[in-house]
There are 2 protein chains.
Amino acid sequence: MREFRSKLRILLIDDNSDHLRGVKELINLESNYEVVGTTTSAHIGINLIKKYQPDIVLMDMNMPEKDGLHAIQDIEKLELNTKVIALSGYDDADLIFRAMKIGAKGYVLKTMASAQLIYAIDEVAAGKIYLPSVLSSRFFEYFQNTFKEETKLSESENLLYQLTSREEEVLDLLTQGNNYKGIAKKLFISETTVKTHVNNIFQKLQVNDRTQAVLYALNNGFANKRKAKMAV
Amino acid sequence: MREFRSKLRILLIDDNSDHLRGVKELINLESNYEVVGTTTSAHIGINLIKKYQPDIVLMDMNMPEKDGLHAIQDIEKLELNTKVIALSGYDDADLIFRAMKIGAKGYVLKTMASAQLIYAIDEVAAGKIYLPSVLSSRFFEYFQNTFKEETKLSESENLLYQLTSREEEVLDLLTQGNNYKGIAKKLFISETTVKTHVNNIFQKLQVNDRTQAVLYALNNGFANKRKAKMAV
DNA sequence: ACAAATATCAATCCATAGATTTACGCCAAT
DNA sequence: ATTGGCGTAAATCTATGGATTGATATTTGT
C-alpha cells in the first residue's frame, strides 16, 4: 500500500496544543516519519485528512467540540487508507471498546512511554491492530461483560427451547416482519394454520403479541441471520 | 482468591491423548503448578471441574463429541472461579472471537512455544486476560468486521434520523413491546395521538406495521437499553 | 412577527391480529 | 394397538391496529 522508501505521513489531532507540539517533536525525531499536519480541531482535522490522506492519524479522544469517537467515525466513513490511532489520558474501558468497535487501529495512553507510541505507529502502519496489553486486558473484560448477560440464560429457562421446529420457522418469519398472509404464502400452508402456530408461540413465550414475540426471540439468542445479535 | 503458597491447580481437557500427556509433563515441570486431572472427554471434564474446582482449565477447542465452545459455556454457567484457557491448533478468527465472547480468559495455539503457554497460565491465574498479539490482532480484525456494517449506515441514509424526538420516544416504547394503550398511558397522552405518531413513524421508516418498525429500529442503531445491539 | 414544524386530539372505517374451540391425519414411542 | 405430540385447517368473535382527514395549540427558526 505504502510507497517504498517514502516517509510515513502522520496527522495529529489534539485540542491540547502543548501536547500536540510535544508529540510532533517526538515523531519528527524519527527519520522515517513525517508530520503532514497538526490541528486542535476535529472538524478541521477531517478536512486535512481529505486533503492530505495521511497514512496515520493520531486522534485525541478527549476533546470538547466534537469528541474523538465521532471524529473517528467520520474518518472511517471516508473509506480512505488512513488508519486511526486513538490517544487518551485515561484507560476508560468503555471508550476503548467503542473506539475499537468503530474502527480505530490502535489505542495508546498519553502517559505511556514515547517508545510505545512509536511502536504502535509502526505496528499499525504495517497493517496490524495494536493495543498495549494493559488496554487489551481492559478491553476484553469489558467485552466479556457486555456479552455475559446474553449468554447466561440456560437452555432450560430459555422459552425458545419449547418451540417445535415448525413454530421456530414461523417465528423466524415473524422476526423478518412478515404478517400472517406472508408467512402462509412462504410456508405453503393456510393462514389459519399460521394463526394457530403463532398463538401457540405466544403461549409458550408468554407474550401477548407478535412484537413481543419478536423481541423475545431477538433478545434470547434466536439465530436470526440479520445479526440483531451475534450467535455464539 | 487463591490460597497463599498453594499450588495452582490445573485441569486438562483434550481429546488427543498424546497432546494431553505432553502438556501434562510440561506443566509438571513447573514447581508451582499441579495438574489435578486430565481427560479426553468434555463431558467428563465438566464433572471433574465440579469435583475439583481447579483454578485453570486448558480446553482443547477442536473436539468431536462436544465442541470446546459449548464446553466453555457449560463451565461458565457453573459460576466457579475456574478460568478457561482455550487451546487450538489453528488461529481461526471466528473461533477465537466466540471463545472470548463466552468467557475464555486466554487463547493459545498448540504450535506456540511452551513458554508462551506457561506465561498465559500465569497471566490468567493473576486475573488478567491473555491473548498472544498474533491472536489479538486476528480477534480485532474480526471484531471490527463484525461491527463495520452496523456503523456504515451514514446519518443521511438512516431513516431514524428523520424522526422527531417525540416520535423517538414512541418508537422506543414500541421496541419494548407496548401497544397503543400502554404508550398512551406512559406518555400521558391520548391513544389517538399515539396512533398519529406511530403512523408518522411508519411513513418515515417506510414500513407497514409496528413489528417492522421495531425491527428497523433495532437493526439501525436505535439505542435500546436492552442492547439487541450495542450503541457506539 | 410570521411561517413551518411539531404535538396534540377526534371521528371514522376497514383490515389485521389474536383467542378459542373443534377436528383430522400422521408419526413415534410404549 | 394406543396415546400423545405435531402439523394441518376451519369457523367465529372481539380487540387491536392502521389509514385518513381535519383541527388546534405550541414551539422553533429566521
Side-chain angles (χ1 to χ4, degrees), chain A residues 65 155-220 222-224 228, chain B residues 155-220 222-224:
Chain A
E65 48 149 354
E155 299 184 8
S156 58
E157 47 191 332
N158 188 335
L159 300 176
L160 288 173
Y161 283 87
Q162 294 177 29
L163 300 183
T164 67
S165 61
R166 196 54 157 174
E167 286 161 359
E168 280 183 7
E169 283 184 80
V170 172
L171 180 55
D172 184 47
L173 290 171
L174 276 182
T175 63
Q176 288 169 37
N178 291 284
N179 57 15
Y180 289 135
K181 204 169 299 188
I183 295 174
K185 197 162 284 177
K186 279 170 189 159
L187 294 183
F188 305 106
I189 56 180
S190 86
E191 207 174 321
T192 58
T193 303
V194 178
K195 286 193 179 194
T196 306
H197 287 312
V198 171
N199 262 286
N200 290 334
I201 292 171
F202 290 166
Q203 303 310 315
K204 290 184 179 177
L205 301 188
Q206 297 164 28
V207 297
N208 303 311
D209 56 46
R210 59 171 73 257
T211 307
Q212 291 177 5
V214 166
L215 288 170
Y216 186 93
L218 297 184
N219 286 326
N220 292 282
F222 196 71
N224 90 320
Chain B
E155 299 183 7
S156 59
E157 48 191 332
N158 188 335
L159 300 174
L160 288 174
Y161 283 88
Q162 294 176 30
L163 300 183
T164 67
S165 61
R166 197 55 160 173
E167 285 161 359
E168 280 182 7
E169 283 185 78
V170 172
L171 180 54
D172 184 47
L173 291 171
L174 277 183
T175 63
Q176 288 170 37
N178 292 284
N179 58 14
Y180 289 135
K181 204 168 298 186
I183 296 174
K185 197 161 283 176
K186 280 169 189 159
L187 295 183
F188 304 106
I189 56 180
S190 86
E191 207 175 321
T192 58
T193 303
V194 178
K195 287 193 176 193
T196 306
H197 286 312
V198 170
N199 262 288
N200 290 334
I201 291 171
F202 290 167
Q203 303 309 316
K204 291 184 179 179
L205 301 188
Q206 297 165 28
V207 299
N208 304 311
D209 57 45
R210 65 184 2 32
T211 307
Q212 291 177 7
V214 166
L215 288 169
Y216 186 94
L218 298 184
N219 286 325
N220 291 282
F222 197 72
N224 92 318

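Just so we're clear, the structure is a prediction, and the values are computed from it rather than from any experiment. Order of the sequence lines sets the chain letters (A, B, ...), proteins ahead of strands, with each chain counted from 1.
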Reckon A:T164 touches a base, only the sugar-phosphate, or nothing at all at heavy-atom distances under 4.0 Å?
sugar-phosphate

Candidate list A:L174, A:T193, A:I189, test side chain to side chain contact (heavy atoms under 4.5 Å, CB included), partner A:I183, passing option:
A:L174

What is the minimum heavy-atom distance between A:A217 and A:L171, and which atoms define it?
CB-CD2, 3.9 Å

Tell me the interatomic distance from A:N200, atom CG, to C:dT21, atom C1', rounded to whole angstroms.
13 Å

Take atom CZ of A:R166 and atom C1' of C:dC26, then tell me their distance rounded to the nearest Å.
14 Å

Rounded to whole Å, the CG-C1' distance (A:L163 to D:dG5) equals 15 Å

Checking all strands, does B:T192 fall into the base, sugar-phosphate, or nothing category for heavy-atom contacts under 4.0 angstrom?
base

Terminal helix-axis angle for the helix from C:dA1-D:dT30 to C:dT30-D:dA1, with five pairs defining each axis and rounding to 10 degrees
60°

Starting at atom CG of A:L205, determine the distance to atom P of C:dG18, rounded to an integer number of angstrom.
13 Å

Should A:T164 and A:K204 be marked as a side-chain contact (heavy atoms from CB on, under 4.5 Å) after you check the CA-CA gap, both sets of side-chain angles, and the distance that decides it?
CA-CA 10 Å; A:T164 67; A:K204 290 184 179 177; 3.8 Å; yes

So what does A:T193 hit on the nucleic acid, given a heavy-atom distance under 4.0 Å: a base, only sugar-phosphate, or nothing?
base

Begin with the C-alpha distance, continue with both residues' side-chain angles, and end with the deciding distance and a verdict on side-chain contact (heavy atoms from CB on, under 4.5 Å) for A:L218 and B:L218.
CA-CA 10 Å; A:L218 297 184; B:L218 298 184; 3.6 Å; yes

Within this structure, what is the CD1-CD distance for the pair A:I201 and A:Q162, rounded to the nearest 0.5 Å?
12.5 Å

If we only count heavy atoms from C-beta on, is the A:L205 to A:Q212 side-chain gap below 4.5 Å?
no

Take nucleotides 16-30 of chain D nucleotide by nucleotide from the 5' end and write B, S or -, depending on whether a protein heavy atom sits under 4.0 Å from the base, only from the sugar-phosphate, or from neither.
SBBB-----------

Would you sort out whether B:V194 and B:L173 count as a side-chain contact (heavy atoms from CB on, under 4.5 Å), showing the intermediate values?
CA-CA 11 Å; B:V194 178; B:L173 291 171; over 6 Å; no

Could you state the atom-to-atom distance from CD1 of A:I183 to P of D:dG7 in whole Å?
15 Å

Here the distance between atom P of C:dG18 and atom CD1 of A:I201, to the nearest Å, is 11 Å

Checking A:H197, A:K195, A:K185 against A:Y180 for side chain to side chain contact (heavy atoms under 4.5 Å, CB included), the one that qualifies is A:K195

Carefully, step by step, assess B:L163 and B:V170 under the rule side-chain contact (heavy atoms from CB on, under 4.5 Å).
CA-CA 10 Å; B:L163 300 183; B:V170 172; over 6 Å; no

